[in-house]
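Everything below concerns the one structure shown next.
We're numbering straight along the sequence, starting at 1. When reading the values below, keep in mind they use all heavy atoms of this one structure, side chains included, and skip hydrogens, waters and symmetry mates. For ligands, and for the atoms within them, numbers begin at 1 and follow the listed sequence.
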Amino acid sequence: MRIAIAGAGIGGLTAALALARAGREVTVFERATALTPVGAGLQLSPNALDVLDRLGVARDLEGRAVPAETVTLRRGSSGRAIARIPVGSQDGRGYLSLLRADLQDALLAGAQAEPRIELRFGHEILAARREPAWVLQFSQDHPAAHCDVLVAADGVHSSIGMLLGGAPARSEGVAAVRLRVRQPASPGIEAWLGARAHAVAYPVAAGRETNLVLIGPDAEVAEAPASFFDGWDKRLLGLIEAGDTLGVWPLLTRTPRWRAPGLAYLGDAAHAMLPYAAQGAAMAIEDGWVLASCLARSPDVERALHDYEAARATRVARVLSRVAFHRRVYHLPAPTSFARDLVLMATPAKRLNRQLAWLYDWRAPPIDFATD
Ligand SMILES: Cc1cc2nc3c(=O)[nH]c(=O)nc-3n(C[C@H](O)[C@H](O)[C@H](O)COP(=O)(O)OP(=O)(O)OC[C@H]3O[C@@H](n4cnc5c(N)ncnc54)[C@H](O)[C@@H]3O)c2cc1C
């Protein structure tokens, strides 16, 4: 079975590693000539770390990622803490914050060390057709490639999806401004909640720097983030003032899609979601592992793709409803936000943690690793 993956992002590299460990040969086509870091941060929850640990990638994050014990929710205007939610899993697996580039480096190093993975950078897929094997065509006069299974891990704008007649991702009318603050932060994730907007800060780069994300209405927050957050907690304003803006990300989503004959979608190409539960990359990582386990178990490709969808659709749907819940409650205006804060303040931390057990306690299904 020849397997090709479009995209060497977080989901594509995870899938490649898991497939290779299961004894499958895989080629990854990436349009970029090299993976270039933009300096943005990422939170990684225990469910994603379970996969990275099994792939041997988690140990490479030590010394770069910062363990977090809680997410602290704060009132946007005053900074007053309204909840401290423990984010570990019941079996004691932790939660990390890190530079996205550190995760990508660790995944790439793993893939480069794996003889069953062929990485082809500078290979943008421009055409894909099935006859009945897939024929992939690239830019820059690279010869066409052929495969039996194509994995579209090519991100939110998925060219494979577009080439096959899929709809573009939807705009949600909100944008994220990411800032890199060259100041140390104490461990843990902090989120300030306010009307129509929220902000999240956490340590990255071994705690030497702070990653700050501001999320709010598209045009307003993108144009003048400092003015939009005027009147919010002074500590947040200090971080905005001290930060270097990395860019503005219009937030896009798509209704989940999982497969077509001979093809699997994963990560943002399958189900781009708002980052309100910090689960987009985590779901891409889970998808990559589960797809590999299905392909490794069944020699029948369509059966494997069916099993993949069956395993992932319910889980991702539940994550999407949690994201929708966060969207409603994070951005509440006063006075409804006061009621939210009272409920949160009255809820024991243990209960808040248990409400997330279904998410963080997910564990990857077994894959028999090849021994040769
Ligand atoms: C502001 C913000 C904060 C976030 N915070 C978190 C968080 O804390 N935790 C979390 O889990 N998630 C978070 N996410 C979500 C997370 O970043 C994404 O869900 C994740 O990166 C998706 O990974 P992916 O592998 O699907 O796609 P990507 O990482 O986008 O990779 C796609 C790859 O495909 C390549 N490609 C595209 N087209 C082609 C083509 N035609 N041919 C070949 N290659 C191609 C691209 O160059 C790219 O390398 C956040 C997102 C945003 C916007």
Side-chain angles (χ1 to χ4, degrees), residues 4-16 27-36 38 40-45 47-49 51-52 68 71 87 95-101 103-104 107-108 119-128 136-140 142 145 150-163 169 172 174-179 189 191 198-202 204 211-216 221 246-254 265-288 316 319 323 359:
I5 298 180
I10 291 168
L13 288 175
T14 304
T27 309
V28 182
F29 297 104
E30 166 57 51
R31 73 175 166 198
T33 47
L35 297 181
T36 42
V38 290
L42 205 62
Q43 304 170 48
L44 279 181
S45 49
N47 45 315
L49 289 172
V51 172
L52 298 179
V71 169
V87 284
Y95 192 106
L96 299 177
S97 60
L98 73 169
L99 284 173
R100 185 194 165 82
L103 173 60
Q104 206 136 20
L107 287 167
L108 184 61
L119 289 162
R120 296 207 197 155
F121 285 93
H123 278 67
E124 177 171 15
I125 298 174
L126 294 179
L136 307 177
Q137 285 172 313
F138 307 94
S139 54
Q140 295 166 344
H142 294 302
L150 176 59
V151 180
D154 51 349
V156 61
H157 297 294
S158 177
S159 336
I160 305 283
M162 298 296 274
L163 289 167
E172 294 289 339
V174 273
V177 180
R178 284 165 146 162
L179 297 99
I189 317 295
H198 72 281
V200 183
Y202 49 83
V204 292
N211 179 78
L212 180 62
V213 186
L214 309 172
I215 294 181
V221 84
L246 298 168
V248 178
W249 278 255
L251 298 180
L252 306 172
T253 61
R254 71 165 58 255
Y265 290 100
L266 70 73
D268 280 4
H271 47 65
M273 60 182 72
L274 293 171
Y276 296 6
Q279 284 296 314
M283 289 303 115
I285 289 168
E286 287 188 10
D287 290 347
V316 169
V319 172
V323 170
L359 179 57

*Nearest heavy atom to atom 11 (O) of ligand 1: which of Gly11, Ser45, Ala281, Gly267 does it belong to?*
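Closest candidate by heavy-atom distance is Ala281.
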*For atom 48 (C) of ligand 1, which candidate among Arg100, Glu30, Met162, His271 provides the closest heavy atom?*
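Of the listed residues, Glu30 has the closest heavy atom.
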*asked:* As an exercise, identify every atom of ligand 1 less than 4.0 angstrom from a heavy atom of Phe29.
replied: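 The list of qualifying atoms is 43 (C), 44 (N).
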*Could you list which atoms of ligand 1 come closer than 4.0 Å to a heavy atom of His123?*
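Answer for ligand 1: 42 (N), 43 (C).
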Starting from [atom], locate the nearest protein heavy atom and write down its residue, its atom name and how far away it is, to 0.1 Å.
| atom | result |
| --- | --- |
| atom 43 (C) of ligand 1 | Arg31 N, 3.3 Å |
| atom 31 (O) of ligand 1 | Gly9 CA, 3.4 Å |
| atom 2 (C) of ligand 1 | Arg178 NH2, 3.1 Å |
| atom 27 (O) of ligand 1 | Gly155 CA, 3.7 Å |

For [X] and ligand 1, does the shortest N/O to N/O distance drop below 3.5 Å?
| X | result |
| --- | --- |
| Asp268 | yes |
| Ala282 | yes |
| Ala278 | yes |
| Ile10 | yes |
| Trp249 | no |
| Ala6 | no |
| Gln43 | yes |

Please work out, at 4.0 Å between heavy atoms, whether the side chain, the backbone, both, or neither of [X] comes within that distance of ligand 1.
| X | answer |
| --- | --- |
| Met283 | neither |
| Ile160 | neither |
| Ala153 | backbone |

_Using side-chain hydrogen bond (donor to acceptor under 3.5 Å, both in side chains), reason through Ser139 and Glu124 one step at a time and then give a plain yes or no._
CA-CA 6 Å; Ser139 54; Glu124 177 171 15; 4.6 Å; no
*So do the side chains of Trp249 and Val213 get within less than 4.5 Å of each other, counting heavy atoms only?*
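Trp249 vs Val213: side chains apart.
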_Could you check whether any side-chain heavy atom of Asn47 comes within less than 4.5 Å of a side-chain heavy atom of Met283, counting everything from C-beta outward?_
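They are in contact (side-chain heavy atoms under 4.5 Å apart), so the answer is yes.
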*asked:* Quick check on side-chain contact (heavy atoms from CB on, under 4.5 Å): which of Asp287, Ile285, Ile5 does Thr14 satisfy it with?
replied: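 Passing option: Ile285.
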_Stepwise side chain to side chain contact (heavy atoms under 4.5 Å, CB included) test for Thr253 and Leu274_ = CA-CA 7 Å; Thr253 61; Leu274 293 171; 3.9 Å; yes
*Compare every heavy atom of Ser45 with every heavy atom of Gln279, then report the nearest pair and how far apart it is.*
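The pair with the smallest heavy-atom distance is NE2-OG, 2.8 Å.
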*asked:* Please find the pair of heavy atoms, one from Ala272 and one from Leu252, that lie closest to each other, and give the distance.
replied: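 Shortest heavy-atom separation between Ala272 and Leu252 comes out as CB-O, 3.8 Å.
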